[in-house]
Amino acid sequence: MVSHVVADEKTLLLSKKAGCNSHGQDSSYFLGWQEYEKNPFDPVSNPSGIIQMGLAENQLSFDMVETWLEKNPDALGLRREGGASVFRELALFQDYHGLPVFKNALARFMSEQRGHKVAFDPSNIVLTAGATSANEALMFCLADHGDAFLIPTPYYPGFDRDLKWRTGAEIVPVHCTSANGFRVTRAALDDAYRRAQKRRLRVKGVLITNPSNPLGTTAPRADLETVVEFVAAKGIHLVSDEIYSGTAFGEPGFVSVLEVVAEREGAAAASDVSDRVHIVYSLSKDLGLPGFRVGAIYSSNAAVVSAATKMSSFGLISSQTQYLLAALLGDKDFTRSYVAENKRRIKERHDQLVDGLREVGIGCLESNAGLFCWVDMSHLMRSRSFAGEMELWKKVVFEVGLNISPGSSCHCREPGWFRVCFANMSAKTLDVAMQRLRSFVESTASAVPARSISCPIAIKWALRLAPSSADRKAER
């Protein structure tokens with residue numbers, strides 16, 4: 001009792017912002033991480049620990065970056081090609097606009113990731129300490145306290161923290177369903193807009209993730225056109241979070257919203273929409289460098305670029321990081337080979353997960369990008385409800401030893417879906433995870449009434465029953 005009183009007194013010494021619980025840390029998405037950190041799996045020292053399948057990290061191509069660093073010691077040693085040190089130059093205060101050489105290299109790399117179908121003007125890039133800072137800065141630029149952004153569901157659980165906590169902005173979900181593979185529709189956008197109006201919220205824009213987190217799918221061009229037409233009609237902004245653009249490994253491939261905007265303007269449609277479309281990017285997923293904290297905002301709106309640049313002073317990228325990555329991204333031979341090989345490795349690991357799930361009778365949404373799969377485990381629940389989903393999630397975390405993210409943490413309206421990551425572990429660890437899941441499914445089969453995992457005919461196209469492991473090996 002005394003400890004609670006002391007804690008309350010300490011809370012009273014903090015600001016309302018520091019003391020509120022709107023950070024979202026109590027989400028099952030973050031709670032799963034906490035359980036993993038208490039008991040992390042290690043094949044040698046803790047083989048019965050929890051395997052982290054809730055972290056979308058790309059650890060598949062570290063060796064390529066490490067090889068480049070070994071061949072280019074001057075970049076890591078903060079020296080020019082001739083051997084002259086740039087330490088003092090980088091150690092001094094840097095303008096928050098960023099190093100021009102890095103912004104030029106980043107602009108070229110972003111274009112390369114999009115098949116050079118989109119060109120990026122380095123002067124329209126705002127550097128930030130990761131995509132989290134980029135998304136929050138855009139909210140500060142585009143929305144006042146209490147204004148709303150519409151976001152298609154399911155969406156990344158961290159948005160509840162990144163977009164709302166400090167800005168005071170609101171999120172209104174655009175409800176998407178498995179009936180069409182969770183694709184966004186004009187009807188769903190209109191419905192979300194009406195619900196926002198009923199709550200007396202001023203809608204300032206739409207935010208999409210493309211490729212989608214957590215679905216692992218690229219947005220079809222037609223869907224992007226629908227969203228662009230919607231924001232044009234409403235006179236609002238569109239933020240496209242494209243941090244997984246370089247992970248697209250299968251057809252129909254990745255299409256940036258900037259391609260759609262350019263085509264719209266070329267067709268003599270309203271040209272003012274380009275000033276209200278903004279891109280978020282980072283090197284955390286495509287290059288596997290989340291610890292380097294490299295993010296960016298790209299916008300053709302001079303006012304947004306100016307305001308976001310000022311805000312970036314609260315979360316800058318270190319000069320030595322920019323210098324190192326300018327050299328790495330400026331090596332066209334390296335980036336060309338890296339992009340192709342990284343996608344190949346992601347696809348291979350993705351297929352390993354999908355095959356493993358298929359072999360234990362679990363289906364997932366057909367995906368072609370990202371570092372995760374959207375998995376349907378509803379047939380393993382004792383009741384088709386969110387209570388049933390949470391019961392299953394707790395069993396998977398505590399009994400099976402796999403930290404996966406429940407769909408409810410992503411605001412999915414259909415219980416039983418889970419995001420399962422595959423690129424932050426070795427192939428052997430993924431095999432261990434599949435073995436554990438197989439044992440769980442077999443033990444559950446005798447306790448849960450048999451249910452078909454097939455979906456309604458209307459969405460069978462959205463589920464992928466991959467070839468067996470043997471077939472996949474034969475294909476290679």
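- Going from atom CZ of F140 over to atom NE2 of H145 covers 10.0 Å, rounded to the nearest 0.5 Å.
- With ring centers used as reference points, Y338 lies 6.0 Å or more from F109.
- Using a 3.5 Å distance cut-off with no hydrogens or angles, the side chains of N368 and T218 do pair a donor with an acceptor.
- In this structure, W417 has its ring center under 6.0 Å from that of F182.
- Remark: L142 CG to I236 CD1 distance equals 11.0 Å, nearest 0.5 Å.
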Item checked: Verdict with reasoning, S367 to H350, per side-chain hydrogen bond (donor to acceptor under 3.5 Å, both in side chains) -> CA-CA 9 Å; S367 56; H350 162 276; 2.9 Å; yes

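- A salt bridge does not link D144 to K204: none of the charged side-chain nitrogens sits closer than 4.0 Å to a carboxylate oxygen.
- The minimum heavy-atom distance between G361 and H379, with the atom names listed, is O-NE2, 3.3 Å.
- The pair R221-E259 counts as a salt bridge, with a side-chain nitrogen and a carboxylate oxygen less than 4.0 angstrom apart.
- Of the possible donor and acceptor atoms, one in the side chain of S443 sits under 3.5 Å from a partner among the backbone N and O of S439.
- With hydrogens and angles left out, the side-chain atoms of E389 and S408 include a donor and acceptor closer than 3.5 Å.
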Margin query: Could you go through R194 and D190, starting from their C-alpha distance and side-chain angles, then the distance that decides it, and tell me whether this counts as salt bridge (charged side-chain N to carboxylate O under 4.0 Å, His left out)?
Written below: CA-CA 6 Å; R194 284 192 297 268; D190 287 334; 5.1 Å; no

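- Closest heavy-atom contact between D286 and I243: OD1-O, 3.3 Å.
- Nearest heavy atom pair, residue L224 against residue A219, reads CD2-CB, 3.8 Å.
- Nearest heavy-atom pair, P47 versus R436, reported as atom, atom and distance to 0.1 Å: O-NH2, 2.8 Å.
- Remark: side-chain polar atoms of S178 are not paired, donor with acceptor, to backbone N or O of G181 under 3.5 angstrom.
- For H411 and Y155, the gap between ring centers is short of 6.0 Å.
- Atom CG of L127 is separated from atom CZ of R293 by 13.5 Å, given to the nearest 0.5 angstrom.
- Around atom CZ of R345, more than 12 heavy atoms belonging to other residues, nucleotides or ligands sit under 6.0 Å away.
- Under 3.5 Å, the side chains of D241 and N210 contain no donor-acceptor pair of N or O atoms.
- Between the side chains of S299 and N124, no donor N or O sits under 3.5 Å from an acceptor N or O.
- Here Y298 and Y281 keep their ring centres 6.0 angstrom or further from each other.
- With E136 as the fixed residue, the side-chain hydrogen bond (donor to acceptor under 3.5 Å, both in side chains) test singles out one of K164, R161, R166: R166.
- Here the side chain of R419 pairs no donor or acceptor atom with the backbone of P406 at under 3.5 angstrom.
- Here the options are Y244, F422, Y156, F418, the test is ring-ring contact (aromatic ring centres under 6.0 Å, His included), and the partner is F372; only Y244 passes.
- Side-chain contact, E242 with S256: a donor N or O sits under 3.5 Å from an acceptor N or O.
- Interatomic distance, CD of E37 versus CD of Q34, reported as 7.0 Å (0.5 Å rounding).
- No cation-pi contact links K395 to F440, judged by a cut-off of 6.0 Å to the six-membered ring centre and 45° from its axis.
- Taking all atoms of both residues into account, the shortest heavy-atom contact from L189 to L150 is O-CD1, 4.1 Å.
- Within 6.0 Å of CZ in F62 there are more than 12 heavy atoms belonging to other residues, nucleotides or ligands.
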Next item on the list: Step by step, work out the side-chain hydrogen bond (donor to acceptor under 3.5 Å, both in side chains) result for N424 and N58.
Entry: CA-CA 6 Å; N424 62 320; N58 180 7; over 6 Å; no

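- D191 and R195 are joined by a salt bridge, as a carboxylate oxygen and a charged side-chain nitrogen come within less than 4.0 angstrom of each other.
- No side-chain N or O of R413 forms a donor-acceptor pair with one of T177 less than 3.5 Å apart.
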